[in-house]
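Here, residue 1 is the first one in the sequence, and each next residue gets the next number.
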Amino acid sequence: MMPGAPEIDTQVEVTANFTGRQIVLSGKVFGDNFPNGEIFIYDGYGKGFLLFHFETDGGQTTGPMTRLWGSHSNQRLGGFDTRIPIEADGRFNIHV
């Protein structure tokens, strides 16, 4: 970031529940709507799963100046609700 540039503020609220052989994840994402954003969860073996993806409509020239000032803590960017199968050893049972 450039000196004097505003912080990129993103907050994630997550609820995780284990039911049988799956993890159920629900969440909401709040904050600045610039730049693009992705939220992943990883198991203990390094396998990742994409929970949320956000694409800004702010341009690269004006986006930083118009979208980053302030925390935007009440600005909801979206949410997720997903179930991930897990193996007995805790690995995600996903095939990509």
Side-chain angles (χ1 to χ4, degrees):
M1 303 262 314
M2 299 290 293
E7 298 285 327
I8 298 172
D9 300 306
T10 305
Q11 300 85 36
V12 182
E13 296 176 5
V14 179
T15 301
N17 291 300
F18 291 90
T19 59
R21 285 277 181 89
Q22 64 184 352
I23 181 172
V24 180
L25 298 158
S26 299
K28 299 174 189 170
V29 183
F30 298 89
D32 297 331
N33 62 350
F34 185 89
N36 296 341
E38 297 172 330
I39 298 172
F40 287 87
I41 185 171
Y42 288 87
D43 65 16
Y45 300 91
K47 192 174 209 175
F49 184 84
L50 178 66
L51 294 173
F52 178 78
H53 172 80
F54 170 77
E55 291 186 21
T56 185
D57 58 0
Q60 66 181 5
T61 305
T62 59
M65 301 308 292
T66 60
R67 312 245 173 161
L68 295 180
W69 296 105
S71 71
H72 299 110
S73 61
N74 292 322
Q75 179 170 278
R76 185 172 177 187
L77 301 176
F80 53 89
D81 188 17
T82 191
R83 297 171 182 269
I84 304 171
I86 54 176
E87 300 289 343
D89 64 359
R91 292 177 196 263
F92 292 163
N93 185 8
I94 52 176
H95 306 283
V96 290

Looking at residues at least two apart in the chain, or sitting in another chain, which of them share a side-chain contact (heavy atoms from CB on, under 4.5 Å) with Ile86?
Phe18, Ile23, Phe92

Should Phe52 and Val24 be counted in the same cluster of Ile, Leu, Val, Met, Phe, Trp and Tyr side chains packed under 4.5 Å apart?
no

Phe40: hydrophobic cluster co-members (side-chain, 4.5 Å)
Tyr42, Leu50

Dump the intermediate steps for side-chain contact (heavy atoms from CB on, under 4.5 Å) on Phe54 and Ile39, then the final yes or no.
CA-CA 9 Å; Phe54 170 77; Ile39 298 172; over 6 Å; no

Any donor-acceptor pair under 3.5 Å from Gln22 side chain to Ile84 backbone
no

So which heavy atom on Leu25 is nearest to which on Ala16, and how close?
CD2-CB, 3.5 Å

Derivation and outcome, side-chain contact (heavy atoms from CB on, under 4.5 Å), residues Lys28 and Arg76:
CA-CA 7 Å; Lys28 299 174 189 170; Arg76 185 172 177 187; 3.9 Å; yes

Once you round to the nearest 0.5 Å, how far does OG1 of Thr10 lie from CZ of Phe30?
12.0 Å

Which residues pass the side-chain contact (heavy atoms from CB on, under 4.5 Å) test with Ser73, sequence neighbours left out?
Gln11, Ser71

Hydrophobic cluster (4.5 angstrom, side-chain heavy atoms) - remaining members for Tyr45
none

By side-chain contact (heavy atoms from CB on, under 4.5 Å), which residues pair with Asn93, not counting sequence neighbours?
Pro85, Glu87, His95

Which residues share a salt bridge (Lys or Arg N to Asp or Glu O under 4.0 Å) with Arg21, sequence neighbours left out
none

Does Phe49 form a side-chain contact (heavy atoms from CB on, under 4.5 Å) with Ile94? I'd like the steps, not just the answer.
CA-CA 8 Å; Phe49 184 84; Ile94 52 176; 3.6 Å; yes

Of all heavy-atom pairs between Leu68 and Asp9, which one has the smallest distance, and what is that distance?
O-OD2, 4.5 Å

Surrounding CG of Asp89 (heavy atoms of other residues, nucleotides or ligands, distance under 6.0 Å), is the total greater than 12?
yes

Closest heavy-atom contact between Pro35 and Ile8?
CD-CD1, 3.7 Å

Please confirm whether the backbone N or O of Asn33 pairs with a side-chain atom of Thr56, one donor and one acceptor, at under 3.5 Å?
yes

For the pair Asp81 (side chain) and Ser26 (backbone), establish whether a donor and an acceptor sit closer than 3.5 Å, ignoring hydrogens and angles.
no

Could you walk me through whether Gln75 and Leu77 pass the side-chain contact (heavy atoms from CB on, under 4.5 Å) check?
CA-CA 6 Å; Gln75 179 170 278; Leu77 301 176; 4.0 Å; yes

